[in-house]
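Below you'll find the structure, written out as structure tokens, and then a few comments.
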Amino acid sequence: MWKVPKFIKQSYLVFLLALLLYSSFGFSFSRTEATTSTGALGPVTPKDTIYQIVTDRFFDGDPSNNKPPGFDPTLFDDPDGNNQGNGKDLKLYQGGDFQGIIDKIPYLKNMGITAVWISAPYENRDTVIEDYQSDGSINRWTSFHGYHARNYFATNKHFGTMKDFIRLRDALHQNGIKLVIDFVSNHSSRWQNPTLNFAPEDGKLYEPDKDANGNYVFDANGEPADYNGDGKVENLLADPHNDVNGFFHGLGDRGNDTSRFGYRYKDLGSLADYSQENALVVEHLEKAAKFWKSKGIDGFRHDATLHMNPAFVKGFKDAIDSDAGGPVTHFGEFFIGRPDPKYDEYRTFPERTGVNNLDFEYFRAATNAFGNFSETMSSFGDMMIKTSNDYIYENQTVTFLDNHDVTRFRYIQPNDKPYHAALAVLMTSRGIPNIYYGTEQYLMPSDSSDIAGRMFMQTSTNFDENTTAYKVIQKLSNLRKNNEAIAYGTTEILYSTNDVLVFKRQFYDKQVIVAVNRQPDQTFTIPELDTTLPVGTYSDVLGGLLYGSSMSVNNVNGQNKISSFTLSGGEVNVWSYNPSLGTLTPRIGDVISTMGRPGNTVYIYGTGLGGSVTVKFGSTVATVVSNSDQMIEAIVPNTNPGIQNITVTKGSVTSNPFRYEVLSGDQVQVIFHVNATTNWGENIYVVGNIPELGNWDPNQSSEAMLNPNYPEWFLPVSVPKGATFEFKFIKKDNNGNVIWESRSNRVFTAPNSSTGTIDTPLYFWDN
Ligand code: NOJ
Ligand code: NOJ
Ligand code: CA
Ligand code: CA
């Protein structure tokens, strides 16, 4: 007799069970994450909590890859020769790898981590990097951090094979954890030694073998294959010392040059700086990023965005998101420290490029308020309000207390009470929190340097799941997932002094109130505060973990008030009011991405988004691919380029608007050149008749052109491919006075290829 194969029986049973559950309890399987065709979980959203892992420094799950073939074994920190990293010489490899992250997924998951940012997974320069010291000794460094790119199309063999990487991706995704990779598109590796009079070093870039069609060839395991049979799986693509194709700027170390030109075109730490205005370079970097996207990652942490040409970044991000699989996460390292003349550039970078910022302004204020106490809690509160006004997408910035490039926060603040207070505030602030690995274990570096902070977690802790910091993250990541006031809400300061802060996050009726005292040994009394919360008692979400307790709201003469309360040393209270907002009114909390072309996928997050909805960009209706109460997947319609508000309408109710920038098409770079003399304080800008050039509005012009060879100015600008447009150069001074060229409009046509770039002739300013 024909038998039903076992697996069919099983899945049939599961199906029946699901049906039963569905019909008897009215469960519906609502989709709140954007699973995509590449197998990605979807972009990181403000409901997520990110954990930053320096892959080599987390956990060694596979000692067999500790000394890959060809690697100088003395560059592995193993003086006792037992093939285990000692965690002592932090300049050397320690052995952490993809398998180590897989091994620790239960630890991460239980902490409430929903996304990891790992080191760049691709092959790095594997030879020693020598730093000559003033005392004649030589420090020996490795590329354990992943910032010395060598071949973007192969894995870093210290971390594992491509199969290992795919297993990591799948294991993370099965546990609801998104995967963000570090990605360096600014440079390859060091090509001159700044500690030895800039003596030549490596800096070379390699690529896999190509087939007859020019496509890279990989074997069944996803490793580069020896297609041409020359015994090697890689070929030299570019060498900064013999730069035949103009891959690099080749201008040498930036040194003390603080001009925008210096930051973008000269070398960061003598790392060979790519010429991102060269179409060959754009093509290679876009191919590399798409390659990793096709492996099903959920996002990119873009290295060194301060050092890149924003016109390149905008096109790069757009190329990645327009490729199969929809938009992924993009956040970048625009490293500023305030007061910083680059603040305005930093602040506007996300809306100019589509790449969000790591929130260095939040980091600075948190260090000062909770770390060294050089600023008051009131001024920390002021920062939250100022940045909420300054940033357009403040809930998408990635906030942090520390990272691999700065002093560990624990070193600045060894006292548990303010340390925990900072962590609780990070977890409840606007933006997506990023936890530097080991924060939950109070990793204490030996000094204030960044390298001392890149400790080997395996030899530094026993991954204790019962620390207070671990539980703070656990409880608050859960709240972040469930109360949209934290993910999507506004920020309001209810009360603040030098040492105390009470702030409110609010998304429509949902509210979270956080009351925090940074002083470890002082108690403060908070006066009665007006509130819109209903009368009642609100328990502390942390359950007293940081000495908090419940709070009561009473009606006093017609006004609801939070009763006066005290905050003891280091006390943190988190009170949550989380009513359902109902299914009838659509409300938008966030949109990813915030910039794209017609035909691109866009994810709209919020509440009340299920059922029959109409999505519009301005007045143009968009196709809805799928939707649930908390998420809509839609397609950017063919509509006027420029800023268009997204709205969702259900019946007769329309949601709040959300700002989106529709691009006119595939982005390429036009590099404008003009010779113009200016008065002190004046700069030259480009303005023209397409949205990318401000539609003739001088306030929406390009950024100021660069003038390393004054009176010649130049600037790469991102424009739609193939577009013919009109433009003029204008002069603007610091007071916003505008002088136009008095001639008729100039006309130019952008290149037709997707990765194209083109220089205009050198024009002369026309009075
Ligand atoms: C910033 C990274 O975070 C840092 O660690 C690295 O050295 C530089 N970029 C160069 O890639
Ligand atoms: C906007 C106009 O459309 C453009 O043609 C002109 O050059 C500028 N204004 C300056 O008058
Ligand atoms: Ca290993
Ligand atoms: Ca650069």
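The residues of the chain are indexed from 1 along the displayed sequence.
His241 is linked by a ring-ring contact (aromatic ring centres under 6.0 Å, His included) to Trp191, counting only residues two or more places apart in sequence or in another chain. For Tyr362, the ring-ring contact (aromatic ring centres under 6.0 Å, His included) partners at least two apart in sequence or on another chain are Phe380. Shown here are the side chain to side chain donor-acceptor pair (under 3.5 Å) partners of Trp765, two or more places apart in sequence or in another chain: Asn767. Residues that satisfy the ring-ring contact (aromatic ring centres under 6.0 Å, His included) test with Phe360, not counting sequence neighbours, are Phe335, Phe400. Qualifying side-chain contact (heavy atoms from CB on, under 4.5 Å) partners for Ala704, counting only residues two or more places apart in sequence or in other chains: Arg260, Asn683, Tyr685. Take Asp209 and apply the side chain to side chain donor-acceptor pair (under 3.5 Å) test, not counting sequence neighbours, and it matches Asn235. With sequence neighbours excluded, the residues satisfying side-chain contact (heavy atoms from CB on, under 4.5 Å) with Ile385 are Asn389, Thr491, Ile493. Remark: Thr142 engages Leu75, Leu92, Tyr93, Phe144 in a side-chain contact (heavy atoms from CB on, under 4.5 Å) (not counting sequence neighbours). In this view, Ala238 and Leu205, Phe247, Phe248 satisfy the side-chain contact (heavy atoms from CB on, under 4.5 Å) rule, not counting sequence neighbours. With sequence neighbours excluded, the residues satisfying ring-ring contact (aromatic ring centres under 6.0 Å, His included) with Phe300 are Phe183, His302, His330. Taking Asp733 as the reference, Asn737 meet the side chain to side chain donor-acceptor pair (under 3.5 Å) condition, with sequence neighbours excluded.
Between Phe153 and Tyr122, every side-chain heavy-atom pair lies at or beyond the 4.5 Å cut-off. Taking the side chain as every heavy atom from C-beta outward, Gln644 and Thr639 approach each other to under 4.5 Å. You'll find the side chain of Val738 stays beyond 4.5 Å of the side chain of Lys731, heavy atoms only. The shortest distance between side-chain heavy atoms of Tyr132 and Asn193 falls below 4.5 Å. Side-chain contact between Pro224 and Tyr216 is absent, with no heavy-atom pair separated by less than 4.5 Å. Between Phe714 and Ile671 the shortest side-chain heavy-atom distance falls below 4.5 Å. With contacts defined as side-chain heavy-atom distances shorter than 4.5 Å, the pair Tyr274/His307 does not qualify. Under the 4.5 Å side-chain criterion, counting only non-hydrogen atoms from C-beta, Trp740 is in contact with Pro698.
For Lys317 and Ser593, the side-chain atoms include at least one donor-acceptor pair closer than 3.5 Å. When only modelled atom types and interatomic distance are considered, His148 and Asn124 share no side-chain donor-acceptor pair under 3.5 Å. Side-chain atoms of Asp590 and Gln396 include a donor-acceptor pair closer than 3.5 Å. Asp273 and Asn186 share a side-chain donor-acceptor pair at under 3.5 Å. Checking Ser701 against Lys732 by side-chain atom types alone, a donor-acceptor pair falls below 3.5 Å. Defined by atom type and a distance below 3.5 Å, a donor-acceptor pair is missing between the side-chain atoms of Tyr152 and Lys287.
Using bins of under 30°, 30° to 60° and over 60° for the plane-to-plane angle, the ring pair Phe261/Tyr265 lands in the parallel bin. By the 30° and 60° cut-offs, the orientation of the rings of Tyr346 relative to Tyr391 is perpendicular.
Put simply, the side chain of Asn600 never gets that close to the backbone of Pro327: no donor and acceptor are under 3.5 Å apart. Asn707 places no side-chain N or O within 3.5 Å of a backbone atom of Trp713 that could act as its donor or acceptor partner. Of the possible polar contacts, one joining the Tyr710 side chain to the Thr678 backbone as a donor-acceptor pair under 3.5 Å is found. Side-chain atoms of Arg125 come within 3.5 Å of backbone N or O of Val128 as a donor-acceptor pair.
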Should Arg746 and Glu741 be marked as a salt bridge (Lys or Arg N to Asp or Glu O under 4.0 Å) after you check the CA-CA gap, both sets of side-chain angles, and the distance that decides it? CA-CA 10 Å; Arg746 301 179 186 274; Glu741 287 187 289; 2.5 Å; yes

Stepwise ring pair (Phe, Tyr, Trp, His ring centres under 6.0 Å) test for Phe672 and Phe727: CA-CA 10 Å; Phe672 291 86; Phe727 72 99; 5.0 Å; yes

So Glu375 and Asn368, side-chain hydrogen bond (donor to acceptor under 3.5 Å, both in side chains) or not? Walk me through it. CA-CA 5 Å; Glu375 285 185 42; Asn368 293 347; 2.8 Å; yes

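Geometrically, Arg301 does not engage Phe331 in a cation-pi contact, judged by NZ or CZ lying under 6.0 Å from the ring centre and within 45° of the ring axis.
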Donor-acceptor contacts, no H, no angles, side chain residues 659-670, under 3.5 Å, sequence neighbours left out:
| from | atom 1 | to | atom 2 | distance (Å) |
| --- | --- | --- | --- | --- |
| Arg659 | NH1 | Tyr393 | OH | 3.1 |
| Tyr660 | OH | Gly596 | N | 3.0 |
| Ser664 | OG | Glu692 | OE1 | 3.1 |
| Ser664 | OG | Glu692 | OE2 | 3.2 |
| Asp666 | OD1 | Arg597 | NH2 | 3.2 |
| Asp666 | OD2 | Ser754 | OG | 2.6 |
| Gln667 | OE1 | Ser718 | OG | 2.6 |
| Gln667 | NE2 | Gly665 | O | 2.9 |
| Gln667 | NE2 | Glu692 | OE2 | 3.2 |
| Gln669 | OE1 | Asn309 | ND2 | 2.8 |
| Gln669 | NE2 | Gln276 | O | 2.8 |

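Few gaps surround CG on Asp697; more than 12 heavy atoms of other groups in view lie less than 6.0 Å from it. Taking a 6.0 Å sphere around NZ of Lys204, one finds it holds more than 12 heavy atoms contributed by other residues, nucleotides or ligands.
Closest approach of Asn245 to Asn278, counting heavy atoms only: O-ND2, 2.8 Å.
Note that CG of Asp359 and CZ of Phe334 are 13.0 Å apart. Values are rounded to the nearest 0.5 Å.
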